[in-house]
Amino acid sequence: MSDTNRSVTLTLTADDYVAANKLFILKSATSLRPLVCWLIFVALLLGSFFVPALRLRVEPYAAFFYICVAVVIAIPFYQYFFAAPVFARKAYAAQKTLQHPMRVSWSEGGFKSTAEQGEWNIPWADYLKWTEDSKVILLFQGPRLFNMLPKRVLTPAQIDDLRQMLAANIKRA
């Protein structure tokens, strides 16, 4: 057992929720299937400029093609830079359970969260994967459901301890 304090009390902020959603979008957009599809569209666009055989010469179809490809290429950037912050802030404002103080802890058995609404104790085996960036750690219970822990509330020792616990028990996203 580690000497590190494995619990922390916090209140999530709108910025925490934005950071979590941006990381979720980043991980989703850079997973294999979406990334390959996006790269195909980039290749089609570049190929249509530089490979004569791929150049569209029929005006109405060429313009439609370029607009469609540009939109598909732009979607991940739109999601990350605009949609995630706007919709995460709106969801945070509407979901009062995100705004209450909570205590989270971790142990060899799993991740525990306690708030005035109840207590959740989730064994490591019930998590699908985990990921992190400079602001937040996400623990995925499913492809679109995650617990988040902002790093701003953790000490460097707690972050290292939690990483070790996660690495030993859950697949990294």
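Quick caveat, the model's predicted, so the values are computed rather than measured. All values below were derived from every heavy atom in this structure, side-chain atoms included, with hydrogens, water molecules and symmetry-related copies excluded.
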Would one find more than 12 heavy atoms of other residues, nucleotides or ligands at under 6.0 Å from atom [atom1] of [X]?
| X | atom1 | answer |
| --- | --- | --- |
| Arg172 | CZ | yes |
| Lys112 | NZ | no |
| Lys129 | NZ | yes |
| Phe41 | CZ | no |

Query - Polar side-chain atom of Asp161 near backbone of Gln158 as donor-acceptor pair, under 3.5 Å - result: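 Not at all, since once roles are kept as given, no pair shorter than 3.5 Å links the two residues.
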
Requested in this report: Examine distances only and state if a side-chain atom of Lys96 and a backbone atom of Ala93 form a donor-acceptor pair shorter than 3.5 Å.
Outcome: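 Side chain of Lys96 to backbone of Ala93: a pair is present.
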
Report task. Measure the spacing between CZ of Phe87 and CG of Asn21 and express it to the nearest 0.5 Å. Result -> 11.0 Å

Query raised in the report: In chain order, what residues pass the salt bridge (charged side-chain N to carboxylate O under 4.0 Å, His left out) check against Lys22, with sequence neighbours excluded?
Result: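 Not a single residue meets the salt bridge (charged side-chain N to carboxylate O under 4.0 Å, His left out) criterion with Lys22.
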
Query raised in the report: Is a salt bridge present between Asp16 and Arg152, judged by a nitrogen-to-oxygen distance below 4.0 Å?
Result: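 Judged by the 4.0 Å cut-off on N to carboxylate O distance, Asp16 and Arg152 do form a salt bridge.
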
Requested in this report: Using a strict 4.0 Å threshold on nitrogen-to-oxygen distance, state whether Glu108 and Arg6 make a salt bridge.
Outcome: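 Result for this pair is yes, salt bridge flagged.
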
Query raised in the report: Going hydrophobic residue to hydrophobic residue with side-chain gaps under 4.5 angstrom, can you get from Ile73 over to Phe82?
Result: no

Query raised in the report: Residues two or more places apart in sequence or in another chain: which of them pass ring pair (Phe, Tyr, Trp, His ring centres under 6.0 Å) with Phe81?
Result: none

